[in-house]
Amino acid sequence: MKPVAVIDFETTGLSPALGDRATEVAIVILEGDQVVGRFQSLMNAGVRISPFIEAYTGISNEMVQAAPPAEEVMAEAARFVGATPMVAHNASFDQRFWEAELERLGSDTPAQPPFACTLLLSRRLYPEAGSYKLGSLAAFHALPSSGRAHRALADAEVAAALLARIQGDLQRDYELEHVPHELLLKVQKAQRKAVPKAIRSYFQAGSKP
DNA sequence: TGCCAGGCCCTCTTTAGGGCCTT
């Protein structure tokens, strides 16, 4: 069973292109349905946190001022992840911050496959869920909660539990031994009704389950 | 100067608009 790295960022806002920066990162390594590694750190990017964000995340200016520099934390996070394929909830958000913060390091980082996304996968697999917020999906699946929502490690743990659920459901429904990252990417890219066809074509193309 | 996300997905759609989701 190959590991995947489930990541969650807390940030000062929605867009690194508009100057927003990461304030906290957490990474959970998942093998099958088992968590085998965790990384979590606040980071100091030298930017102010707005009152809205402070209330939303519980991360204050005092907390990040006491944290290690963002470059140091991101370098350590990159070493922790290595070449492990990555997953996040609404992954386009976390992937943008991952790439933007790593780009600031100025060093070469290993090429990685695209992030798999538990939000896109849930839209494909659970059309009856209604809401696709991380907390709503956790309630829908009765996943265990682990700490304060909107803190990086708690959200990464919930996203990892959601991914384990998704992988388990795919294994059961399609009689798979395991669910490769590449298959998750195929499924999240397919239209909802085309998911079974996408899975069949993945294995007919010569990939082994 | 002032303003500013980006991508997905549904529908009263495709020569578009608006809601959702992440902080």
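Chain letters run A, B, ... following the sequence lines, proteins first and then strands; every chain starts at 1.
For B:dT13 and B:dG17, the P atoms lie 12 Å apart once the distance is rounded to whole Å. A distance of about 13 Å separates the P atoms of B:dT14 and B:dG18, rounded to the whole Å. For the P atom pair drawn from B:dC12 and B:dC8, the interatomic distance equals 22 Å after rounding to whole Å. Spacing of C1' atoms, B:dG2 relative to B:dC20, comes out at 27 Å, to the nearest Å. The same atom, C1', is picked in B:dT23 and in B:dG7; the two are 16 Å apart, to the nearest Å. Rounded to whole Å, the C1' atom of B:dG6 lies 25 Å from the corresponding atom of B:dT1.
OP1 and OP2 of B:dC9 both lie 4.0 Å or more from every side-chain N or O belonging to A:R192.
The neighbour count for A:E103 CD, taken as heavy atoms of other residues, nucleotides or ligands under 6.0 Å away, does not exceed 12. With a 6.0 Å radius and a threshold of 12 heavy atoms from other residues, nucleotides or ligands, A:R48 has its CZ atom at or below the threshold.
Using a 4.0 Å heavy-atom criterion, one finds that A:R124 contacts the sugar-phosphate atoms exclusively.
Separating the CZ atom of A:F97 from the P atom of B:dG7 is a distance of 14 Å, rounded to the nearest angstrom. Summarising the geometry, the separation between CG on A:L120 and P on B:dG6 is reported as 17 Å, rounded to the nearest angstrom.
A:E99 and A:Q95 share a donor-acceptor pair across their side chains, judged by distance under 3.5 Å alone.
The ring pair (Phe, Tyr, Trp, His ring centres under 6.0 Å) search around A:Y126 returns A:H141, not counting sequence neighbours.
Between A:R165 and A:D169 there is a salt bridge, since at least one side-chain N of the basic residue sits less than 4.0 Å from a carboxylate O of the acidic one.
The hydrophobic cluster containing A:F203 also contains A:L121, counting ILVMFWY residues as joined when their side-chain heavy atoms lie under 4.5 angstrom apart, directly or transitively.
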Give every pair of a protein N or O atom and an N or O atom of nucleotides 20-23 of chain B that lie under 3.5 Å apart, one pair per line with the distance.
{"residue": "B:dC21", "atom": "OP1", "partner": "A:Y132", "partner atom": "N", "Å": "2.5"}
{"residue": "B:dC21", "atom": "O2", "partner": "A:N90", "partner atom": "ND2", "Å": "2.9"}
{"residue": "B:dT22", "atom": "OP1", "partner": "A:L134", "partner atom": "N", "Å": "2.7"}
{"residue": "B:dT22", "atom": "O4'", "partner": "A:N90", "partner atom": "ND2", "Å": "2.8"}
{"residue": "B:dT23", "atom": "OP1", "partner": "A:D155", "partner atom": "OD2", "Å": "3.4"}
{"residue": "B:dT23", "atom": "OP2", "partner": "A:Y56", "partner atom": "OH", "Å": "3.2"}
{"residue": "B:dT23", "atom": "O3'", "partner": "A:E10", "partner atom": "OE1", "Å": "2.8"}
{"residue": "B:dT23", "atom": "O3'", "partner": "A:T11", "partner atom": "N", "Å": "3.0"}

